[in-house]
Number of protein chains: 4
Amino acid sequence: MPRHRFTNTRDRIETAAVHLFVDKGVADTTVRDIARALEMSEGALYRHFPSKEQLVWQVFERRYIEFAGRLQKLAESESSTRGKLAAMIRGFCRAYDENPRLFRFLLFVQHDQLGKLAQDAPTPVEAVRMVIANGIASGELPAQNPDLATSLVFGVVLQPVQFAAYGRLPADMGSLCDRLVAAAWAAVTTV
Amino acid sequence: MPRHRFTNTRDRIETAAVHLFVDKGVADTTVRDIARALEMSEGALYRHFPSKEQLVWQVFERRYIEFAGRLQKLAESESSTRGKLAAMIRGFCRAYDENPRLFRFLLFVQHDQLGKLAQDAPTPVEAVRMVIANGIASGELPAQNPDLATSLVFGVVLQPVQFAAYGRLPADMGSLCDRLVAAAWAAVTTV
Amino acid sequence: MPRHRFTNTRDRIETAAVHLFVDKGVADTTVRDIARALEMSEGALYRHFPSKEQLVWQVFERRYIEFAGRLQKLAESESSTRGKLAAMIRGFCRAYDENPRLFRFLLFVQHDQLGKLAQDAPTPVEAVRMVIANGIASGELPAQNPDLATSLVFGVVLQPVQFAAYGRLPADMGSLCDRLVAAAWAAVTTV
Amino acid sequence: MPRHRFTNTRDRIETAAVHLFVDKGVADTTVRDIARALEMSEGALYRHFPSKEQLVWQVFERRYIEFAGRLQKLAESESSTRGKLAAMIRGFCRAYDENPRLFRFLLFVQHDQLGKLAQDAPTPVEAVRMVIANGIASGELPAQNPDLATSLVFGVVLQPVQFAAYGRLPADMGSLCDRLVAAAWAAVTTV
DNA sequence: GATGAATGAGAATTCATTCAT
DNA sequence: GATGAATGAATTCTCATTCAT
């Protein structure tokens, strides 16, 4: 039985790559860096992905959509708008705490990768926006620009993540979660 | 007498560079790109800055500290914590509207450049944090972690800027400003 | 299995580089020149040494110290001062005749590279100086400044090498060797 | 009356250039370096010489031939071969002590410049060689290859200069001069 | 499946030289 | 005569990718 059925090489590559991408930036991480981190030859890496660019993209796409799905599920598990938002924010915090490096990777490369997503791909932004738009429609949230409200929720959640990354806040998002829920709710209900 | 008495070459370079850096990212902007944009030889650029790295850094440092000073002044022009925060947020919106590209440049390169700032250099983060810490001390704001509160303010302001950059929100921050003030205040007063 | 099991690439590079360095000077030899001489890409060269500067240095260091060791051994094989000096001078001549280009390379780049040698690295100069200092101590040589005497020996040996390089003397040092021994001995015994 | 009739700009340039060439090497000395050393613009330098290459060459040629002439005169001032050689060696030492930097410059750039000299240009080597050839013809020197003898004289004189340049011998050649005369004579009379 | 040398297309940077003012 | 910005060619070095073994 091949060993790599359990120690999936592809996953090891992704993990090492994400690690380096976050530490040094994507552009400053060379294929050689990744190979060395894995004690593997450069050529061997190309058996697992077609190009560096594709590696970035594939990791991003998979995880980004996976995360969007998770948020979607969490929203569906609650009935009220407030409950849905709270659940999603908790999902953010948990995702960060589970794998801060991956989370930061998604944040950092967004700018370059977002444009490549299929037009109709599920995204965290869409998931949150949908909940907010429905909340406005149902009267649970005051009338307002749903995009602006969505950006406020993201800002309230992601900025603390950035601060944590720079060491200005403790690395543990879970401990801040309740406060973020409260702040986000306050922000979107105060027009 | 210099060739261009009125069109300062250094400024032209900075403007063109920032333009390209925002569009393509710093790493993907070559010195040749900048030279072409200015219809100037690559070599000529090096009369005006010693390296690409230094160009990025010098633009960042000058503008970042300049902006920090502006925020500081705005805070001092008001007496209440709420007034100070409102003035600063308006300062953010105005700065963005005056030169969205420069603002986004500062946002994008922060990550790499922040560490190079002198330890005691004034920063926007410090300016806001000081106002919040004082507000907590004076009782105008509820007791809370001032760093977390600072991050909430930044999140509420900067995330809409990002959305605007992606076209999800109108480019004009001025029109959103009052709402951002209200949201930020709500976020930092809801513990 | 390496592409060339028997034709060590590193050695081929060193040989070609030395060849060019001697012909055109180090500064006027480009990495491209070396690559072309080897029918190899420039990039490929960098697998074998980290920079042009290091290539020069590594070739110099290895050969220079190797040669110093050879001289040292030759000196030890004789008991009298005269015998030691004669053996060393024969070593010079033989080294030149074996690989005139390498010898001239060492001569030419000395000036820039000598300072990089470890303080205690064995050098040809030290080897000769030691023999002379001992000869003075034992009375085999008249009392005199050992550094000056050392320089006389080097002058008597190396200047003919230079003349040979310019074509003013036959390329074969071996044929001049006995005369050089006699001249060097005369120079250091005539105070 | 123009100032530069006395403070000849051309000479100032040559002096500064030689200084830098010896310190850093010709290739590593930029035109900008020279301009800065003279507090003069780069462009202005080009009024005084047509190219960097020509600057090197012109300094070399002028001084080299001038020096050859000096040696020639010194040889003519003596009647015996021994006297002629002694006078010339004293001329070497004096030339070095007068301007060690210039002397070392001539030594260093020889390799590249010698080939550009007119075939019949007077050189120090020719001057010495002529004296030796005549000495052999007249029987004052034993029969021998005059080129080899010439190289011995040069070696005995120039190697101590090199040692002085590296700090292995005192900078003052004059104090070594008598010894060098004796050593050179011993070397060319011992066949 | 793996290796790592080799490729080739740039990238940043330098610098002698020119030239408008 | 002087200035110094500008040019443009060259140089060192990097790196994603390929491929013979």
Side-chain angles (χ1 to χ4, degrees), chain A residues 2-4 9 26-36 38-56, chain B residues 1-5 8-10 13 27-35 38-55, chain C residues 1-5 8-10 13 27-35 38-55, chain D residues 2-4 9 26-36 38-56:
Chain A
R3 171 152 58 99
H4 58 269
T9 303
V26 171
D28 287 343
T29 299
T30 68
V31 173
R32 176 178 284 213
D33 289 333
I34 302 173
R36 265 204 282 254
L38 292 160
E39 298 183 60
M40 177 183 274
S41 74
E42 297 164 65
L45 285 177
Y46 280 85
R47 189 165 294 283
H48 300 278
F49 58 86
S51 74
K52 181 184 165 187
E53 204 180 358
Q54 280 294 302
L55 172 59
V56 175
Chain B
M1 204 183 300
R3 197 113 92 184
H4 307 284
R5 200 208 293 230
N8 190 293
T9 302
R10 172 79 201 200
I13 294 174
D28 287 342
T29 299
T30 68
V31 173
R32 175 176 294 226
D33 290 333
I34 303 173
L38 294 160
E39 297 185 67
M40 179 184 269
S41 72
E42 293 171 60
L45 289 177
Y46 284 86
R47 277 220 166 239
H48 301 279
F49 58 85
S51 72
K52 182 185 163 187
E53 206 180 355
Q54 281 293 303
L55 172 59
Chain C
M1 203 184 300
R3 196 112 90 188
H4 308 282
R5 200 209 291 229
N8 189 293
T9 303
R10 172 80 202 197
I13 294 174
D28 287 342
T29 299
T30 69
V31 174
R32 175 176 295 225
D33 289 333
I34 302 172
L38 293 160
E39 297 184 66
M40 179 184 270
S41 72
E42 293 172 58
L45 288 177
Y46 284 87
R47 279 223 161 233
H48 301 278
F49 58 86
S51 71
K52 182 186 162 186
E53 205 180 354
Q54 280 293 303
L55 172 58
Chain D
R3 174 150 57 101
H4 58 271
T9 302
V26 171
D28 286 343
T29 299
T30 69
V31 173
R32 178 178 282 214
D33 289 333
I34 302 172
R36 264 203 283 257
L38 293 160
E39 298 184 62
M40 178 184 273
S41 74
E42 297 165 64
L45 284 177
Y46 280 85
R47 189 164 293 283
H48 299 279
F49 58 85
S51 75
K52 181 185 165 185
E53 206 181 356
Q54 281 294 303
L55 172 59
V56 176

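Worth knowing before you read on, the calculation uses all heavy atoms, side chains too, and leaves out hydrogens, waters and symmetry mates.
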Just verifying a value: how many Å separate C:Leu45 CG and C:Leu55 CG, rounded to the nearest 0.5 Å?
8.5 Å
Can you give me the closest heavy-atom contact between B:Asp28 and B:Asp33, atom names plus distance?
O-OD2, 3.7 Å
Side chain to side chain contact (heavy atoms under 4.5 Å, CB included) partners for C:Gln54, two or more places apart:
C:Pro50, C:Ser51, C:Trp57, C:Gln58
Sequence neighbours left out, what passes side chain to side chain donor-acceptor pair (under 3.5 Å) with C:Arg32? Give chain and number order.
C:Glu42
Expressed as a whole number of angstroms, how long is the span from B:Leu45:CG to F:dG8:P?
13 Å
Nearest to the side chain of A:Ser41 - F:dG4, E:dG4, E:dT7?
E:dG4
Distance, rounded to the nearest Å, where B:Arg10 contributes CZ and F:dG4 contributes P:
18 Å
Measuring only the P atom in each nucleotide, how far is F:dT21 from E:dG1? A whole number of Å is fine.
23 Å
Which residues share a side chain to side chain contact (heavy atoms under 4.5 Å, CB included) with C:Ser41, sequence neighbours left out
C:Ala44
Taking only side-chain nitrogens and oxygens of B:Arg47, does any of them come within less than 4.0 Å of OP1 or OP2 of F:dA6?
no
Output for pair (B:Thr30 OG1, B:Lys52 NZ), nearest 0.5 Å, gives 7.0 Å
Name the stems that DNA chain E belongs to, where each is three or more consecutive Watson-Crick or G-U pairs with both distances under 3.5 Å?
E:2-21 with F:2-21
Within this structure, what is the CG-to-C1' distance between B:Leu38 and F:dA5, rounded to whole angstrom?
14 Å
Contacts of type side chain to side chain contact (heavy atoms under 4.5 Å, CB included), residue A:Arg47, not counting sequence neighbours:
none
Taking all atoms of both residues into account, what is the closest heavy-atom pair of B:Thr9 and B:Met40, and its distance?
CG2-CE, 3.6 Å
Under-4.0 Å side-chain N/O to phosphate OP1/OP2 contact, D:His48 with F:dG1
no
Base, backbone or nothing for each nucleotide of nucleotides 9-15 of chain E, written B, S, -, heavy atoms under 4.0 angstrom, 5' to 3'?
--SSBBB
Protein-nucleotide distance (D:Ile34, atom CD1; E:dT17, atom P), rounded to Å
10 Å
